[in-house]
Amino acid sequence: MENSSGLHALGAVLRDLNRDLLRAGRRAAAVEPLPESEADIVRLVVREPGVSPGQIAAELRMKPSNVSAGLRRLAEAGLVERVSDPADRRAARVLPTPLAVRNALLLERARAGLLEEALDTLPAAHRDALLRAIPALRALDTALRDRV
């Protein structure tokens, strides 16, 4: 197992990298910034159109009341819409609006472009190591999700 200082450094670099990529991506894509919890909801709804509010709460490990408040604000912003579940009219499903899908695509492209530009400034050995680390980072994400 890695020493404590190495784990602290890994946690810090992952946090900083995520924050910088999110901020720079929003600026590069020129989309309106959202609070982190609402951005998480939009990403999930774009990835899984028709998801229920309960599924959103479970997937994002949020309180249902916070999901409801976030969905209300996102609907007011024109990013999601609630529709009745065709199988159970009492249940709701959440769909992304065309604006949400467009913003998600712009953000994805902007972040990929920023990563490409940044990777191009690194030595080949660092670029290769980072790209080879993707499966390990995905496995780490899965392991952490099981503990949250």
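Leu99 and Val51 fall within a single hydrophobic cluster, where Ile, Leu, Val, Met, Phe, Trp and Tyr are joined by side-chain heavy atoms under 4.5 Å apart, directly or via other members. Residues Val67 and Leu44 share a single hydrophobic cluster, defined by chaining ILVMFWY side chains whose heavy atoms lie under 4.5 Å apart. Note on Val13 and Leu144: same hydrophobic cluster, where clusters join Ile, Leu, Val, Met, Phe, Trp and Tyr whose side-chain heavy atoms are under 4.5 Å apart, directly or indirectly. Hydrophobic clustering places Val80 together with Leu60 (ILVMFWY residues linked when any side-chain heavy atoms are closer than 4.5 Å, directly or through intermediates). Under a hydrophobic clustering in which Ile, Leu, Val, Met, Phe, Trp and Tyr are joined whenever their side-chain heavy atoms come within less than 4.5 Å, directly or via other members, Leu79 and Met62 fall into the same cluster.
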Decide yes or no on side-chain contact (heavy atoms from CB on, under 4.5 Å) for Asp16 and Arg19, but give the supporting numbers first. CA-CA 5 Å; Asp16 294 347; Arg19 182 194 63 233; 3.3 Å; yes

List the steps and the verdict of salt bridge (Lys or Arg N to Asp or Glu O under 4.0 Å) for Glu36 and Arg43. CA-CA 10 Å; Glu36 185 176 342; Arg43 276 191 294 277; over 6 Å; no

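No donor-acceptor pair under 3.5 Å is formed between the side chain of Arg111 and the backbone N or O of Arg109. Judged by distance alone, with hydrogens and angles left aside, the side-chain atoms of Arg82 form no donor-acceptor pair with the main-chain N or O of Pro53 at under 3.5 Å. No donor-acceptor pair closer than 3.5 Å links the side chain of Ser84 to the backbone N or O of Ala92.
Rounded to the nearest 0.5 Å, atoms CD (Glu48) and CG (Leu95) are 12.5 Å apart. Taking CG of Leu137 as the start and OG1 of Thr142 as the end, the distance is 11.0 Å to the nearest 0.5 Å. In this structure, Leu130 CG and Arg127 CZ are separated by 10.0 Å, a value rounded to the nearest 0.5 Å. Atoms OG1 and NE2, from Thr121 and His126 in turn, are 11.0 Å apart once rounded to the nearest 0.5 Å. Interatomic distance, CD of Glu81 versus CG of Leu71, reported as 12.0 Å (0.5 Å rounding). From Leu22, atom CG reaches atom CG of Leu34 across 11.5 Å, with rounding to the nearest 0.5 Å.
Taking 4.0 Å as the cut-off between side-chain N and carboxylate O, Asp141 and Arg138 do not count as a salt-bridged pair.
Scanning all heavy atoms of the two residues, the minimum distance from Gly78 to Thr97 falls at O-OG1, 2.6 Å. The minimum heavy-atom distance between Gly25 and Ala110, with the atom names listed, is O-CB, 3.7 Å. In plain terms, the two heavy atoms of Arg145 and Arg61 that are nearest each other are O-NH2, 2.8 Å. Here the closest heavy-atom approach between residue Gly70 and residue Ile41 is recorded as CA-CD1, 4.3 Å.
Two residues are said to be in side-chain contact when any heavy atoms from C-beta on lie closer than 4.5 Å; Asp85 and Arg89 fail this criterion.
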